[in-house]
A.B. asks: 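Got a structure here, written out as structure tokens. Questions coming.
Ligands are counted one by one from 1 in listed order, and the atoms in each one are counted from 1 as well.
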Amino acid sequence: MATGFLWDESYAWHNTGSHAMYVAADGKSIQPDTHAEDPETKRRFRNLLEMSGLWEQLVHVKPRMAAEEDILRVHTEAHLRHIQELSRSGGGDTGVVTVCAAGSYEISMLAAGGVMAAADAVLDGSVRNIYALVRPPGHHAMPDEAQGFCIFSNAAIAGRYVMEKRGLARIAFVDWDVHHGNGTETAFYDDPRAFTISLHQDRFFPPDRGMLEDIGEGAGEGYNINVPLPPGSGVGAYISAYERVVVPALQAFQPELIFIPSGFDAGAMDPLGRNMMHSEGYRELTRLMMGVADKACDGRLVLCHEGGYSRATVPFYGLAVMETLSGTDTGIEDPFMEMMGGFAGQDLQSHQAAVIDEAIAKAQLLK
Ligand code: ZN
């Protein structure tokens with residue numbers, strides 16, 4: 001069955017403005033520059049799909065606007081109104097390193113609704129798996145505030161939607177962004193119907209979230225796994241964590257649909273990450289996720305875009321994922337692969353294996 005792709009040009013029109021990485025210019029010491037979370041990495045990923053010829057082979061799914069009731073399944077009304085009013089009054093800083101510009105409210109509603117539409121396409125059987133290249137990203141957005149470039153918690157909103165409106169009883173999230181998926185974790189922390197897993201760089205962003213000990217609470221205890229990988233973790237550490245933690249835990253949980261909040265900022269040349277993934281690594285993680293999805297839920301995977309800030313390299317990670325999802329070989333070579341593949345420490349290191357061992361020891365689903 002086909003592979004889907006979801007993109008809308010308006011996603012690139014969420015205007016994060018002029019910042020030095022993520023710090024606002026001040027006219028004194030901080031010279032204006034392009035914000036780290038600007039549209040270009042996303043557009044270049046989309047454009048490489050077109051240049052590779054893969055674009056024509058994908059089923060293009062249109063996003064829709066989320067309704068207020070969709071947002072309110074995860075967020076407070078105060079947060080929704082705050083974003084709405086800020087956007088309509090010309091925009092501004094929402095607080096925790098997140099810009100909301102004029103028009104960002106509507107674009108954020110289209111991002112959340114985009115992941116919902118992607119999930120619908122998979123559940124309706126028009127595609128087997130899909131990549132929703134949405135923006136702004138979502139996995140840091142908390143119920144009551146925007147955080148880390150994220151306004152609404154796109155994947156969590158789609159997760160609540162498929163449980164409450166599409167009748168799903170068990171869903172899973174596997175977040176491979178280099179930062180912790182704190183918004184998604186928070187949305188389902190006490191909910192045993194949604195199993196959340198995050199692999200991320202240890203105490204990076206948010207610096208106080210994503211600990212090994214955070215396993216869920218109440219009825220949700222045992223349904224959250226964090227694998228806080230040490231900075232410098234390479235492809236060997238990621239594959240080991242997937243083979244030893246992610247895949248067996250998903251096999252035990254048997255989700256009916258799997259969401260992958262997909263940041264490409266664990267890539268070896270990312271300006272906002274210190275791990276060392278490369279395109280062949282993302283290809284292998286995708287293959288592992290497809291294998292477990294095939295066994296658990298007829299291959300139903302919804303990937304939604306999160307971070308990834310290296311303009312040159314992100315498109316090749318995206319192409320590797322899309323080739324794998326669709327079973328296509330475009331013949332395009334990643335020109336960065338040879339260098340990144342040769343970096344010292346790409347294989348699993350003992351201090352990384354120790355973290356994975358601890359995650360296994362805490363994972364109730366693996367007992
Ligand atoms: Zn990230």
A.B. asks: Could you check whether Arg193 pairs with Asp191 (Lys NZ or Arg NE/NH1/NH2 to Asp/Glu carboxylate O, under 4.0 Å)?
C.D. replies: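 A salt bridge is present here (some side-chain N lies under 4.0 Å from a carboxylate O).
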A.B. asks: Does Phe149 have any ring-ring contact (aromatic ring centres under 6.0 Å, His included) partners at least two apart in sequence or in another chain, and if so, which?
C.D. replies: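 Scan of Phe149 (ring-ring contact (aromatic ring centres under 6.0 Å, His included), adjacent residues dropped) gives His35, Tyr309.
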A.B. asks: With sequence neighbours left out, write down each residue that passes ring-ring contact (aromatic ring centres under 6.0 Å, His included) with Phe45, or none if nothing qualifies.
C.D. replies: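 Scan of Phe45 (ring-ring contact (aromatic ring centres under 6.0 Å, His included), adjacent residues dropped) gives Phe5, Tyr131.
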A.B. asks: Are Tyr317 and His278 close enough that their ring centers fall under 6.0 Å?
C.D. replies: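 So the answer is no for these two rings.
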A.B. asks: Taking atom types as modelled, find out whether Thr196 and Asn224 have a side-chain donor-acceptor pair closer than 3.5 angstrom.
C.D. replies: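 There is such a pair (donor and acceptor under 3.5 Å, judged by atom type) between the side chains of Thr196 and Asn224.
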A.B. asks: Please list, in chain and residue-number order, the protein N/O/S atoms closer than 2.8 Å to the Zn ion (ligand 1).
C.D. replies: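 For the Zn ion (ligand 1), the protein N, O and S atoms that sit under 2.8 Å away are Asp177 OD1, Asp177 OD2, His179 ND1, Asp265 OD2.
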A.B. asks: What pairs of residues pass the side chain to side chain donor-acceptor pair (under 3.5 Å) test when at least one of them lies in residues 86-97, not counting sequence neighbours?
C.D. replies: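 Qualifying pairs, neighbours excluded: Arg88-Glu106.
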